[in-house]
Amino acid sequence: MKVLLTGGAGFIGSHTCVELINAGHEPVIADNFDNSCPEVLNRIEEITGRRVPLYEIDVCDGESVGAMFEKESFDAVIHFAGLKAVGESCALPLRYYRNNIDSTLTLLEAMAKYGVSNFVFSSSATVYGVPEKVPLVEGMPTGCTNPYGWTKLMNEQILTDAAAADERLSVVLLRYFNPIGAHESGRLGEDPNGIPNNLMPYITQVAAGKLEKLGVFGDDYPTRDGTGVRDYIHVVDLAKAHVKAIDYAATRKGTEIFNIGTGTGYSVLEIVNAFMRVNDLTIPYEIKPRRAGDIAECYADASKAREILGWQAEKDLDDMCRDSWNWQSKNKNGYK
Ligand code: WQD
């Protein structure tokens with residue numbers, strides 16, 4: 001299938017692009033490089049031998065999106081493009097709502113006009129808000145604690161309503177947990193702008209000597225060692241879930257939601273210790289106060305994806321720690 005990847009030059013999009021090519025699909029990337037880099041396409045070509053077609057556009061712009069759909073006959077769309085910094089979304093809510101919602105509406109309008117039926121959406125476990133219990137199951141209550149999360153949940157609702165109104169539409173909502181790791185080649189990886197918000201890129205930048213020490217945000221949570229527990233999933237496993245999702249979307253109509261996690265939670269200190277053990281490195285850290293908005297524990301019940309998509313995570317924590325460092329150590333300044 002010819003698959004449009006919006007935000008396809010990003011961390012998850014680029015890894016998904018590689019796995020789509022490996023599975024015999026034809027990805028096309030639309031990216032404005034707002035939070036990614038053209039170099040990524042060179043790396044994808046290096047890994048796969050394929051020069052992926054690129055549209056350097058803003059997917060909120062109806063004219064550019066329409067021209068792209070006019071030229072390409074897409075079989076499916078995977079919508080990664082979006083602003084994704086939780087803290088920033090609290091400071092700039094209108095920018096987040098405008099960008100993250102408009103892009104979805106623009107794509108849906110183009111899909112309806114050009115008869116494209118399959119839509120996979122990059123959602124997030126953040127839509128569960130503060131979970132009443134873990135592991136998280138797809139049918140559990142949702143509710144968000146920040147504008148970024150609300151844009152994900154609103155997009156889920158928009159897509160669900162669009163599929164209910166248009167019988168041609170097949171929508172798959174993938175709720176990601178915490179993607180980390182990198183392609184085994186070390187040629188693709190996570191390249192955050194500025195000081196990383198997320199745990200693993202912060203750890204790898206401490207290991208690379210770019211940052212002095214890790215701050216552990218709270219050790220007084222009701223967890224086994226007091227630090228926050230999350231469901232970390234290797235980005236290549238997450239990428240492979242998208243290949244399964246577009247194949248599944250092509251077989252049915254309506255909307256389906258899947259948790260994409262490993263089903264196992266690890267604490268911050270367990271991640272730090274695993275990273276040090278696997279890579280034989282020391283990561284200096286200090287305990288700091290809790291980060292506003294953080295929850296104690298969040299991990300997936302991933303059985304629905306296993307049973308219906310035929311997907312489950314295959315890489316373990318050691319793989320995630322090894323591949324994260326392999327990327328950072330070979331790309332001290334990311335793609336720059
Ligand atoms: C993980 C754990 C922190 C940094 C966020 C978004 C979510 C998704 C993934 C987009 C927590 C602790 C972190 C640090 C720390 N993004 N931590 N020191 O917050 O679970 O999820 O990223 O979809 O929507 O909310 O990920 O990596 O920021 O934090 O102690 O310097 O690491 O407290 O327990 P999070 P994270």
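Each ligand, and each atom within it, is numbered from 1 in the order the structure gives.
The N/O atoms of D294, backbone and side chain alike, include one that comes under 3.5 Å of an N/O atom in ligand 1. Residue L199 has at least one N or O atom closer than 3.5 Å to an N or O atom of ligand 1. At a 3.5 angstrom cut-off on N or O pairs, Y202 does not count as close to ligand 1.
Side-chain contact between L107 and L4: present, with at least one pair of heavy atoms (C-beta onward) separated by less than 4.5 Å.
Remark: the backbone N or O of H234 is not paired with any side-chain donor or acceptor of D319 at under 3.5 angstrom. In this structure a side-chain-to-backbone donor-acceptor pair under 3.5 Å is missing from D301 to L136.
Considering R230, E297, R175, K288 only, the shortest heavy-atom separation from atom 20 (O) of ligand 1 involves R230. Across the listed options N198, T227, I203, N198 owns the non-hydrogen atom lying nearest to atom 22 (O) of ligand 1. Taking only non-hydrogen atoms, the option from Y232, Y148, Y221, F217 nearest to atom 24 (O) of ligand 1 is Y148. Between the choices V216, V206, N178, the shortest heavy-atom distance to atom 21 (O) of ligand 1 belongs to N178.
Counting the atoms of ligand 1 from 1 in the order shown, those under 4.0 Å from a heavy atom of S124 are 23 (O), 24 (O). Heavy-atom proximity to R291, at under 4.0 Å, picks out these atoms of ligand 1: 3 (C), 19 (O), 28 (O), 29 (O), 36 (P). Near N197, meaning under 4.0 Å from any of its heavy atoms, are these atoms of ligand 1: 4 (C), 28 (O).
For R175 and Y128, the positive end sits near the middle of the six-membered ring, less than 6.0 Å away and at most 45° from its axis. Remark: K213 fails to qualify as a cation-pi partner of Y285 under the 6.0 Å distance and 45° angle criteria applied to the six-membered ring.
Residue contacts with ligand 1, taken as heavy atom pairs separated by less than 4.0 Å, involve L214 solely via side-chain atoms from C-beta onward. Proximity of V229 to ligand 1, defined as any heavy-atom pair under 4.0 Å, is not found for any part of the residue. When non-hydrogen atoms are compared, ligand 1 lies under 4.0 Å from the side chain of V86 (C-beta onward) but not from its backbone. Contacts between V268 and ligand 1, counted as non-hydrogen atom pairs separated by less than 4.0 Å, involve the side chain only.
For atom 18 (N) of ligand 1, the nearest protein heavy atom (residue, atom name, distance) is G215 O, 2.8 Å.
Side chains of T223 and E297: no donor on one and acceptor on the other come within 3.5 Å. Under the 3.5 Å distance criterion, with hydrogens and angles disregarded, a donor-acceptor pair is assigned to the side chains of R43 and N331.
The salt bridge (Lys or Arg N to Asp or Glu O under 4.0 Å) pairs that include a residue from residues 127-145 number zero, where partners must be two or more places apart or lie in different chains.
Y176 meets the ring pair (Phe, Tyr, Trp, His ring centres under 6.0 Å) test with H242; sequence neighbours excluded.
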Check your understanding: Checking salt bridge (charged side-chain N to carboxylate O under 4.0 Å, His left out) for the pair R95/D34: CA distance, chi angles, key distance, verdict?
Key -> CA-CA 13 Å; R95 182 168 177 232; D34 186 43; 3.6 Å; yes
